[in-house]
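Down below is the structure, laid out as structure tokens.
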Amino acid sequence: MSGGWLEGYAALITGGGSGIGRAVAERFLAEGASVTVLGRDRSRLEEVVDSAADRSRIHTVTGDVRDSDTLHTAVQETVDRFGKLDTLVANAGVWDYQRQLTRLTADELDTAFDEVFSVNVKGYLLAAEAAWRELVKTRGSIVMTLSNASFYVNGGGPLYTASKHACLGLMRELAYELAPKVRVNGVACGGMNTDLRGPRSLSLADRSIAASFARRGPDTPPPPIPLHDSSTDPRDFTGPYVLLASRAQSGPVTGHAINADGGIGVRGFAHAAGGDHL
Ligand SMILES: NC(=O)c1ccc[n+]([C@@H]2O[C@H](COP(=O)([O-])OP(=O)(O)OC[C@H]3O[C@@H](n4cnc5c(N)ncnc54)[C@H](O)[C@@H]3O)[C@@H](O)[C@H]2O)c1
């Protein structure tokens with residue numbers, strides 16, 4: 001195609017086998033980019049390749065974002081295959097299903113903290129470490145998937161909220177450290193109908209956030225966000241990623257998060273306290 005905002009770009013997306021990562025991969029391809037998709041599940045990566053109109057512009061790497069070697073391999077294979085790396089989308093993550101502190105034992109906290117933070121935070125940091133040298137060469141950028149939970153409470157429990165606040169801090173710190181060569185920004189997504197899973201250490205690895213969307217019926221009250229009818233289809237969240245990845249569209253933008261969450265920040269007080277049941 002010609003005329004896309006990312007014509008000729010080469011991108012690496014972690015956690016791109018499903019959800020927003022896959023939607024961003026497909027949107028980047030449609031905008032003219034070549035894309036390496038890294039994920040844990042080989043069959044899902046094959047589905048992404050099979051659905052691509054132009055398979056010459058897509059490459060996959062199977063592995064875990066907690067493993068630095070896998071991330072270095074993904075960066076190297078992107079450069080070998082597409083000649084360079086312009087954009088890293090750090091995205092793979094897990095949710096804690098809003099498990100509140102008062103419903104976690106000390107042992108659960110101990111193991112689940114390590115799991116959630118190692119995927120959600122260390123996974124982003126290791127990806128940035130693997131990618132920054134190539135991004136310096138292209139004056140490229142990093143776009144991190146953040147969350148409403150990077151700014152507000154009750155979008156997760158303490159583990160997820162703390163991890164996503166940590167990602168916001170990471171985005172800002174790296175925006176400073178990698179300037180002026182590499183821009184670092186984030187997209188703070190609100191609720192999306194994806195396959196988002198929970199930590200294995202809390203026996204939540206087989207649960208998918210998609211089930212909570214499937215349970216919604218015509219009588220289900222709208223979500224408590226100003227844009228009641230805000231889409232939950234991850235494809236509708238991909239525009240800010242394209243904008244932030246594009247040098248032409250956001251060359252002076254770094255250290256910034258675009259909140260794509262239906263307007264949570266302007267809704268005022270919803271519930272005064274989360275512990276009324278205690
Ligand atoms: N779904 C939502 O409502 C929502 C809202 C805000 C932010 N997010 C964030 O969006 C990002 C993507 O999640 P999603 O909702 O698209 O869910 P998803 O599960 O559909 O996508 C995440 C992908 O990352 C992969 N993954 C998970 N852990 C991995 C690991 N250790 N190594 C490699 N790959 C791994 C999964 O297999 C999956 O393909 C996450 O960072 C999540 O926190 C999601």
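Just so you know, residue 1 is the first one in the sequence shown, and it goes up from there. One-based numbering, in listed order, for ligands and for the atoms of each.
From the protein, the heavy atom lying nearest to atom 6 (C) of ligand 1 is C189 O, 3.1 Å. Protein heavy atom closest to atom 5 (C) of ligand 1, with residue, atom name and distance, is G190 O, 3.2 Å. Of the protein's heavy atoms, D195 O, 3.1 Å lies nearest to atom 19 (O) of ligand 1. Here the heavy atom of the protein found nearest to atom 15 (O) of ligand 1 is T194 OG1, 2.6 Å. The protein non-hydrogen atom at the shortest distance from atom 31 (N) of ligand 1 is D64 OD1, 3.0 Å. For atom 25 (C) of ligand 1, the closest heavy atom belonging to the protein is G15 CA, 3.9 Å. Nearest protein neighbour of atom 16 (O) of ligand 1, counting heavy atoms only, is I20 N, 2.9 Å. The protein non-hydrogen atom at the shortest distance from atom 32 (N) of ligand 1 is V65 N, 2.9 Å.
The shell of residues lying under 4.0 angstrom from ligand 1, judged by heavy atoms, excludes D41. Residue contacts with ligand 1: G123 is excluded, as none of its non-hydrogen atoms falls under 4.0 Å. Residue L146 places a heavy atom less than 4.0 Å from ligand 1. G16 does not count as a contact of ligand 1, since none of its heavy atoms falls under 4.0 Å from the ligand.
Of the polar atoms of I209, none of the N or O atoms is found under 3.5 Å from an N or O of ligand 1, judged by distance alone. Looking at N91 next to ligand 1, an N or O pair under 3.5 Å apart turns up. Between M192 and ligand 1, at least one pair of N/O atoms sits closer than 3.5 Å.
Clustering ILVMFWY residues whenever any of their side-chain heavy atoms sit less than 4.5 angstrom apart, transitively, puts V119 in a cluster other than the one holding I13. When the side chains of ILVMFWY residues are joined at heavy-atom separations under 4.5 Å, either directly or via intervening members, W132 and L170 end up in a single hydrophobic cluster. Both I58 and L6 are part of a single hydrophobic cluster, where members link through side-chain heavy atoms under 4.5 Å apart.
For the residues W95, Y124, F237, Y160, the heavy atom positioned nearest atom 43 (O) of ligand 1 is part of Y160. The nearest non-hydrogen atom to atom 37 (O) of ligand 1, considering only R22, R40, K164, comes from R40. The nearest non-hydrogen atom to atom 13 (O) of ligand 1, considering only L196, D261, L71, comes from L196. Of the candidates P234, G17, G63, S18, S18 brings a heavy atom nearest to atom 39 (O) of ligand 1.
Between E47 and R44 there is no salt bridge, since none of the side-chain N atoms of the basic residue sits less than 4.0 Å from a carboxylate O of the acidic one.
When all heavy atoms of R22 and S51 are compared, the pair lying nearest together is NH2-OG, 3.3 Å. When all heavy atoms of S150 and K164 are compared, the pair lying nearest together is OG-O, 2.9 Å.
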Show the numbers, then the answer: is there a side chain to side chain donor-acceptor pair (under 3.5 Å) between D54 and S56? CA-CA 5 Å; D54 179 359; S56 71; 2.5 Å; yes
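Y241 and T87 share no side-chain donor-acceptor pair at under 3.5 Å. Side-chain contact, S18 with D195: no donor N or O sits under 3.5 Å from an acceptor N or O.
Other residues, nucleotides and ligands place no more than 12 heavy atoms under 6.0 Å from the CZ atom of R235. Counting non-hydrogen atoms of other residues, nucleotides and ligands closer than 6.0 Å to CZ of R42 gives a total of 12 or fewer. Counting heavy atoms of neighbouring residues, nucleotides and ligands inside a 6.0 Å radius, atom CZ of R133 exceeds 12 of them.
Ligand-side atoms of ligand 1 in range of G191: 3 (O), range being under 4.0 angstrom from any heavy atom. Interface of G19 with ligand 1, defined as ligand atoms under 4.0 Å from a residue heavy atom, comprises 16 (O), 20 (O). The ligand atoms of ligand 1 that sit less than 4.0 angstrom from a heavy atom of V119 are 28 (N), 31 (N). For ligand 1, the atoms closer than 4.0 angstrom to any heavy atom of T145 are 9 (C), 10 (O), 11 (C). Within the listing of ligand 1, atoms 24 (O), 26 (N), 34 (N), 35 (C) sit less than 4.0 angstrom from a heavy atom of A92. Heavy-atom proximity to G93, at under 4.0 Å, picks out these atoms of ligand 1: 27 (C), 40 (C), 41 (O).
With H165 contributing its side chain and T161 its backbone, the two residues share a donor-acceptor pair below 3.5 Å.
Cation-pi geometry between R247 and Y9 is satisfied (NZ or CZ under 6.0 Å from the ring centre, within 45° of the ring normal).
Between W95 and Y97, the angle of the ring planes lies from 30° to 60°, which puts this pair in the tilted group.
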